Participant: 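Provided herewith is a single structure, encoded as structure tokens, for subsequent inquiry.
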Amino acid sequence: MSDILVHTEAGITTISFNRLERKNSITSTMYASMADALEQASADASVRVVVFQGHETVFSAGNDIGDFLNAPPSTPESPVFRFLRGIATFPKPVLAAVCGPAVGIGTTLLFHCDLVYAGDNAAFSMPFVNLGLCPEAASSLLVPQMFGYHRAAEALLLGEPFMAEAALEVGLVNRVLPPTEVNGYAQAQARKLAAKPVTALIETKRLMKKGQASQVQAQMAEEGASFGRMLREPAAREAFAAFMEKRKPDFTKA
Ligand code: COA
């Protein structure tokens, strides 16, 4: 079984994280599969909507930390950056169904979705600083915009998790549901969108996003350059080693 499942039916492409034993953490192979799936969904006129979903207990634990240690992304063409550009510029509606932990990119990818449905067990976090890193996916721009600066600082500087109700309050989430109902509800909403005229959906999304499309791209590129450099620096190396060794990191020298 693949770690990313892609299924297209009735105009809806569903991309599912399928690596439960590693809490749906994402490897470079998985980013490449998701980037390919988005490219195909964009080019295929019969696809009208994309849905990202995880498991009832976990959406995604973010980037695979072993991958960060052994094969950090090195160029803008690395799969993670290809995926991020793909989702940020995807022309048709993108939905997400999120239950349980959504860590790092598991949360930041949601800023590029049009509709987000969450289980009442959803726990969002962007612990980049705790890993010696900086934000990615233009989250350093989009989180302050959506949350307000001080709440963004809490999420991005302290890296503390926040639950579904708080995500609903700041506008990251459209609706909170029991975890068993989230994937089904997202599919029902996707079916509503898939029945609408696709040209009108695409043009409406383009108009809503165009005001800051180039700013998002520029922020993502700048973050990506910093992120790529910081992955190789002592603070991040210590954080990843500590995670693998199941101990607290020691940042006294970082
Ligand atoms: N990369 C690699 N492996 C990961 C992982 C990740 N991001 N997240 C979890 N795993 C592994 C764990 O090491 C563990 O492996 P083991 O069974 O060999 O010990 C397994 O998945 C289960 O994870 P565990 O931590 O025991 O599950 P949990 O339910 O107690 O906690 C999380 C779930 C998501 C809260 C926790 O795993 C976590 O915080 N993960 C790291 C998140 C992170 O920092 N991601 C990077 C963001 S940039």
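Order of appearance sets the numbers: ligands from 1, and atoms from 1 within every ligand. This is a predicted model, so every value here is computed, not measured.
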Participant: Between the main-chain N or O of Ala102 and the side-chain N or O of Thr107, is there a donor-acceptor pair closer than 3.5 Å?
Facilitator: yes

Participant: Between the side chains of Arg85 and Glu77, is the shortest nitrogen-to-carboxylate-oxygen separation below 4.0 Å, so that they form an ion pair?
Facilitator: yes

Participant: Give me the residue, atom name and distance of the protein heavy atom closest to atom 3 (N) of ligand 1.
Facilitator: Arg22 CD, 3.6 Å

Participant: Compute the shortest N/O to N/O distance between Phe68 and ligand 1 and return yes if it is under 3.5 Å, no if not.
Facilitator: no

Participant: Let me know which of Phe59, Phe162, Phe111 forms a ring pair (Phe, Tyr, Trp, His ring centres under 6.0 Å) with Phe124.
Facilitator: Phe162

Participant: Among all the protein's heavy atoms, is there at least one whose distance to atom 7 (N) of ligand 1 comes out below 4.0 Å?
Facilitator: yes

Participant: Of the backbone atoms (N, CA, C, O) and the side-chain heavy atoms from C-beta on, which set of Ser25 has a member under 4.0 Å from an atom of ligand 1: side chain, backbone, both, or neither?
Facilitator: side chain

Participant: Out of Ala123, Ala102, Ala61, Gly104, whose heavy atom sits nearest atom 45 (N) of ligand 1?
Facilitator: Ala61

Participant: For Glu21, is the nearest heavy atom under 4.0 Å from an atom of ligand 1?
Facilitator: yes

Participant: What atoms in ligand 1 come closer than 4.0 Å to a heavy atom of Val103?
Facilitator: 42 (C), 43 (C), 45 (N), 47 (C)

Participant: Identify whether the distance between the nearest side-chain nitrogen and carboxylate oxygen of Asp3 and Arg22 falls below 4.0 Å.
Facilitator: no

Participant: Give the numbers and elements of all ligand 1 atoms closer than 4.0 Å to a heavy atom of Asp64.
Facilitator: 1 (N), 2 (C)

Participant: Examine ligand 1 and decide if any of its atoms is less than 4.0 Å from a heavy atom belonging to Met126.
Facilitator: no

Participant: In terms of hydrophobic clustering (I, L, V, M, F, W, Y; side-chain heavy atoms under 4.5 Å; direct or indirect links), are Ile15 and Tyr185 co-clustered?
Facilitator: no

Participant: Taking a hydrophobic cluster as the set of Ile, Leu, Val, Met, Phe, Trp and Tyr residues connected by side-chain heavy atoms closer than 4.5 Å, whether directly or through intermediates, do Phe227 and Val103 fall within one such cluster?
Facilitator: no

Participant: Tell me which part of Ile65 gets within contact of ligand 1: side chain, backbone, both or neither, using heavy atoms under 4.0 Å.
Facilitator: both

Participant: Using a 4.0 Å heavy-atom threshold (strictly under), name the region of Ile105 that reaches ligand 1: side chain, backbone, both or neither.
Facilitator: neither

Participant: Does Arg229 pair with Glu233 as a salt bridge, N-O distance under 4.0 Å?
Facilitator: yes

Participant: Assess whether a salt bridge exists between Arg151 and Glu169, defined as any Lys/Arg side-chain N lying under 4.0 Å from an Asp/Glu carboxylate O.
Facilitator: yes

Participant: Considering both backbone and side-chain atoms of Leu131, is one of its nitrogen or oxygen atoms within less than 3.5 Å of a nitrogen or oxygen in ligand 1?
Facilitator: no

Participant: Quick one: look up the protein heavy atom nearest atom 27 (O) of ligand 1 and list residue, atom name and how far away it is.
Facilitator: Lys23 CE, 3.2 Å

